[in-house]
S.K.: 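Could you have a look at this structure, given as structure tokens, before my questions?
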Amino acid sequence: TDYLNPIKKNHSLLKVNELAVDSKDGEKELHITKNDECSSLKEIVYEAKKWDQQNQTELDLVKKIKVKCTRLDTYLMKNKIELIDCLKIDAQGCNLEVLQSLGDYISKCNLIIVETQLKKDDIFYKNESKKEMILKFMKNHPFDLLDTREYPKNLFMDLIFKRNNI
């Protein structure tokens with residue numbers, strides 16, 4: 001939690017919640033990696049090393065810690081949030097779980113941007129969310145795919161969805 005102090009100090013308008021978002025409320029193990037931006041609720045898969053020769057050690061596991069998890073619908077209800085203009089999801093392999101955790105609150109989102117990896121196999125995290133999984137889930141909800149943005153190295157893409165009744 002020490003790494004959150006600069007955010008709290010330098011961004012007084014932000015509310016920092018020491019929570020992870022998952023498909024279930026409760027506790028889960030967080031896999032802390034050498035590059036903490038790669039840390040995930042998912043177990044690390046070391047296939048990434050063959051894709052990224054520059055950053056061979058970023059996914060090295062440093063430690064595992066227990067973290068409190070919440071569903072987004074639980075959080076939104078508890079904090080009386082009724083509308084989300086734009087939701088950006090970059091949850092290190094857990095993007096589908098984060099989407100699922102919205103429950104009926106998904107209809108309260110105007111725009112949803114979801115990062116997804118493009119390979120068919122797990123390359124960073126065990127059972128990580130894939131593009132096809134996100135697209136299949138979103139087909140069952142009132143959203144249109146508005147745009148896509150591919151990242152360098154053809155490993156990731158942002159899928160940008162707009163609620164179709166706005």
Side-chain angles (χ1 to χ4, degrees), residues 3-4 7 11 14-24 28-61 67 69-76 81 84-103 105-164 166:
Y3 64 91
L4 293 174
I7 296 170
H11 303 283
L14 292 179
K15 180 179 179 183
V16 177
N17 297 276
E18 295 186 34
L19 296 166
V21 177
D22 195 30
S23 57
K24 296 179 185 164
K28 212 163 184 185
E29 220 170 44
L30 178 66
H31 301 84
I32 306 290
T33 55
K34 188 172 180 180
N35 176 349
D36 59 4
E37 292 176 12
C38 298
S39 299
S40 179
L41 294 175
K42 301 266 187 183
E43 188 178 328
I44 308 301
V45 175
Y46 288 93
E47 287 297 304
K49 291 187 176 189
K50 71 181 180 188
W51 297 103
D52 192 354
Q53 298 300 317
Q54 279 179 262
N55 303 307
Q56 290 284 312
T57 61
E58 283 194 354
L59 287 171
D60 285 351
L61 186 66
V67 294
C69 295
T70 187
R71 291 177 49 88
L72 276 179
D73 56 2
T74 302
Y75 180 85
L76 295 168
I81 298 170
I84 301 172
D85 285 321
C86 180
L87 176 63
K88 168 67 167 126
I89 302 172
D90 179 356
Q92 303 312 109
C94 302
N95 302 320
L96 181 61
E97 289 88 341
V98 172
L99 272 173
Q100 291 169 333
S101 80
L102 280 164
Y105 276 82
I106 195 166
S107 65
K108 306 286 185 181
C109 298
N110 290 331
L111 194 70
I112 300 176
I113 304 168
V114 186
E115 182 184 276
T116 185
Q117 71 101 332
L118 296 173
K119 303 298 178 188
K120 295 206 182 296
D121 299 320
D122 292 339
I123 58 169
F124 290 96
Y125 310 100
K126 188 175 182 179
N127 300 317
E128 63 191 314
S129 303
K130 315 271 188 323
K131 178 183 174 184
E132 297 78 24
M133 299 162 79
I134 302 294
L135 291 172
K136 183 178 178 184
F137 177 82
M138 292 302 286
K139 273 188 181 179
N140 296 320
H141 298 282
F143 284 84
D144 296 318
L145 182 62
L146 183 65
D147 199 3
T148 61
R149 299 226 172 99
E150 211 165 297
Y151 289 56
K153 300 182 187 179
N154 297 325
L155 295 177
F156 299 100
M157 166 184 281
D158 277 343
L159 302 172
I160 304 166
F161 297 94
K162 180 179 104 35
R163 196 174 72 209
N164 61 20
I166 57 168

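Being a predicted model, the structure only gives us computed values, none of them experimental.
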S.K.: My understanding is that only residues two or more places apart in sequence, or in another chain, count here; which of them pass ring-ring contact (aromatic ring centres under 6.0 Å, His included) with Phe156?
M.R.: Phe124
S.K.: Test: side chain to side chain donor-acceptor pair (under 3.5 Å). Region: residues 135-144. Which pairs qualify, not counting sequence neighbours?
M.R.: none
S.K.: Residues in side chain to side chain contact (heavy atoms under 4.5 Å, CB included) with Asp85, at least two apart?
M.R.: Leu83, Asn110
S.K.: Please enumerate all residues that pass side chain to side chain contact (heavy atoms under 4.5 Å, CB included) together with Asp158, with sequence neighbours excluded.
M.R.: Lys88, Ile113, Glu115, Arg149, Tyr151
S.K.: Going by the rule salt bridge (Lys or Arg N to Asp or Glu O under 4.0 Å), which residues pair with Arg71 if we only count those two or more places apart in sequence or in a different chain?
M.R.: Asp73
S.K.: Checking Ser40 now: which residues fulfil side chain to side chain donor-acceptor pair (under 3.5 Å) with it, not counting sequence neighbours?
M.R.: none
S.K.: Return the set of residues passing side chain to side chain donor-acceptor pair (under 3.5 Å) with Lys131 (not counting sequence neighbours), or none when no residue passes.
M.R.: none
S.K.: Using the ring-ring contact (aromatic ring centres under 6.0 Å, His included) criterion, which residues pair with Tyr75? Sequence neighbours excluded.
M.R.: none
S.K.: Who pairs with Lys28 by salt bridge (Lys or Arg N to Asp or Glu O under 4.0 Å), at least two apart in sequence or on another chain?
M.R.: Asp22
S.K.: List the residues meeting side chain to side chain contact (heavy atoms under 4.5 Å, CB included) with Ala20, not counting sequence neighbours, and say none if there are none.
M.R.: Leu41, Val67, Cys69
S.K.: Can you give me the closest heavy-atom contact between Ile134 and Ser129, atom names plus distance?
M.R.: CD1-CB, 4.2 Å
S.K.: Any side-chain heavy-atom pair from Ile112 and Leu99 closer than 4.5 angstrom?
M.R.: yes
S.K.: How would you list, by chain and number, every residue that makes a salt bridge (Lys or Arg N to Asp or Glu O under 4.0 Å) with Lys42, sequence neighbours excluded?
M.R.: Glu97
S.K.: Looking only at heavy atoms, what is the nearest atom pair of Leu111 and Leu146, with distance?
M.R.: CD1-CD2, 4.1 Å
S.K.: Test of understanding: with side chain to side chain contact (heavy atoms under 4.5 Å, CB included), list the residues that count as partners of Thr148, not counting sequence neighbours.
M.R.: Leu145, Met157, Leu159
